[in-house]
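Working notes for the structure below.
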Amino acid sequence: MKIAALVSGGVDSSVIVHRLKEMGYDPTIFYIRIGMEDKDGYIDCPAEEDIEITTYIAKKYGCKMEIVSLHDEYWENVVNYTIEAVKRGLTPNPDMMCNKMIKFGCFEQNWGHEFDKIATGHYATTTELDGKIWLSTAKDHVKDQTYFLGQINQMQISKLMFPIGDLPKSQVRAIAAQQALPSAQRKDSQGICFLGKINYNDFIGRYLGERVGKIIELETGKVIGKHKGYWFHTIGQRKGLGLSGGPWFVIKKDTQRNIIYVSNGYNPDTQYGNTVNLGGFSFITDDIWGDFEGTKDITFKVRHTPEFTTGKLEKIGDIYRIHSDDKIQGIAAGQFGVVYDSASKLCIGSGVIADENAV
RNA sequence: AGCCUUGUCGUCUAACGGUAGGACUGGAGACUUUGGAUCUCUAUACCGGGGUUCGAAUCCCUGCGAGGCUA
């Protein structure tokens with residue numbers, strides 16, 4: 001079986017090579033370049049060290065290695081998407097889009113199609129049911145990364161392998177140490193990968209600029225401050241408002257008038273919600289419910305968190321509406337709601353959190 | 001103009017006359033392959049000038065600022 005292993009130089013993806021060899025496979029290692037400096041030099045991903053480590057891994061395990069670039073595709077699909085979404089007042093999820101469009105999209109078209117399987121270092125598993133492959137959660141529920149894979153489709157999942165999906169993180173690190181992999185002690189990557197050392201707000205500012213607008217207290221309608229553009233703030237956000245007498249949380253945005261509405265207190269009710277409307281819902285493997293009346297018991301995530309929330313799913317036309325058992329903080333339009341079965345085993349599918357005004 | 005009240009970190013708010021605390025904001029770190037949230041740590045102040053006291057943010061005088069009252 002021909003396997004392509006996507007290796008980034010981090011611990012997780014390094015260890016998959018070891019595991020694949022253990023299983024008797026001889027994977028071809030791919031390092032995908034994505035985050036490169038654009039013409040203005042804003043995007044800057046320190047790829048050197050990553051490539052060095054990946055090369056070392058390839059040598060150590062005697063694997064073929066290819067460094068490929070999906071820079072333009074990344075720019076086209078992920079960076080543009082991010083900027084466009086933010087501009088519309090939404091809160092994007094670049095990493096999910098990267099998985100869907102780049103790692104398992106463009107890569108497949110260019111190189112992956114010559115392989116039987118594509119292996120990655122995600123904490124996720126696959127499960128075969130009725131002759132079909134389903135995305136299922138990792139053994140290590142805390143590390144589970146299926147949230148980021150919620151947008152992929154049946155073709156993609158049936159070709160994927162997650163060699164470390166059944167290991168706890170601690171063990172992955174232990175293996176790396178035991179094998180003396182250079183990545184053993186590396187910090188887990190965090191933040192949007194293409195940003196490198198630039199922070200998110202700087203990035204947004206570079207492309208969308210600044211425009212001063214009002215900050216209004218939702219309950220009283222009083223103007224209590226100014227902001228530099230609604231695109232710098234997301235629902236549920238506390239940091240960065242610069243208002244005293246808080247804490248203050250962003251509750252609502254008026255993109256037309258560039259106004260941000262906030263509520264005061266440690267736990268303003270306005271900060272929470274129990275219903276989440278998902279638009280453009282897509283099932284990963286199969287639409288297991290079809291059209292249905294009433295509700296389905298599910299668990300779900302509205303962001304990457306260790307725990308799953310329980311709730312009920314209702315179908316209203318094309319909209320899938322989640323009724324959460326617990327109130328959820330900071331439900332932001334543009335983010336994805338990923339739905340799992342009630343046991344939090346199978347990842348069923350996902351949709352984009354809709355603007356409340358849109359439903 | 002006269003009278004009264006008032007003046008503490010960027011903001012709000014504490015401190016029997018004994019040497020300035022808390023909250024929010026800001027900053028740093030932890031957590032996290034999105035945005036966020038959360039947790040930990042941390043920075044900054046007694047309006048100026050005189051007195052009275054062993055000792056004043058706290059008492060007195062005065063200057064300045066703020067608010068109010070007075071015809």
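Order of the sequence lines sets the chain letters (A, B, ...), proteins ahead of strands, with each chain counted from 1.
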Tell me which nucleotide, if any, is Watson-Crick or G-U wobble paired with [N] when both distances must be under 3.5 Å.
| N | answer |
| --- | --- |
| B:C31 | none |
| B:C69 | B:G2 |
| B:G26 | B:U42 |
| B:A57 | none |

Nearest-Å distance once atom [atom1] is located in both [N] and [M]:
| N | M | atom1 | value |
| --- | --- | --- | --- |
| B:C60 | B:C41 | P | 40 Å |
| B:A15 | B:G51 | P | 28 Å |
| B:G17 | B:U58 | C1' | 7 Å |
| B:U52 | B:U19 | P | 22 Å |
| B:C3 | B:A23 | C1' | 37 Å |
| B:C16 | B:G55 | C1' | 15 Å |
| B:A20 | B:A30 | P | 33 Å |
| B:G36 | B:G22 | P | 28 Å |

Checklist entry - Looking at A:Thr285, A:Thr127, A:Asp286, which one forms a side chain to side chain donor-acceptor pair (under 3.5 Å) with A:Lys132? => result A:Asp286

Pull out every protein N or O sitting under 3.5 Å from an N or O of nucleotides 37-44 of chain B, one pair per line with the distance.
unit_1 : atom_1 : unit_2   : atom_2 : d
B:A37  : OP1    : A:Arg238 : N      : 2.7
B:A37  : OP1    : A:Lys239 : N      : 2.8
B:U38  : OP1    : A:Arg238 : NH1    : 3.4

Checklist entry - Who pairs with A:Ala58 by side-chain contact (heavy atoms from CB on, under 4.5 Å), at least two apart in sequence or on another chain? => result A:Ile29, A:Met65

Checklist entry - Parallel, tilted or perpendicular: which fits the ring planes of A:Phe107 and A:Trp111, with parallel below 30° and perpendicular above 60°? => result tilted

Once you apply a heavy-atom cut-off of 4.0 Å, does [X] come out as touching a base, just sugar-phosphate, or nothing?
| X | value |
| --- | --- |
| A:Phe336 | nothing |
| A:Lys301 | nothing |
| A:Gly240 | sugar-phosphate |

Whole-Å distance separating the [atom1] atom of [X] from the [atom2] atom of [N]:
| X | N | atom1 | atom2 | answer |
| --- | --- | --- | --- | --- |
| A:Ile331 | B:G35 | CD1 | P | 19 Å |
| A:Leu241 | B:G27 | CG | P | 12 Å |
| A:Ile102 | B:U34 | CD1 | P | 18 Å |
| A:Ile235 | B:U34 | CD1 | C1' | 16 Å |
| A:Ile353 | B:G36 | CD1 | P | 15 Å |
| A:Asn264 | B:U25 | CG | C1' | 13 Å |

Check nucleotides 6-15 of chain B for protein N or O atoms closer than 3.5 Å to its own N or O atoms and list the pairs.
unit_1 : atom_1 : unit_2   : atom_2 : d
B:U11  : O2'    : A:Ser244 : OG     : 2.9

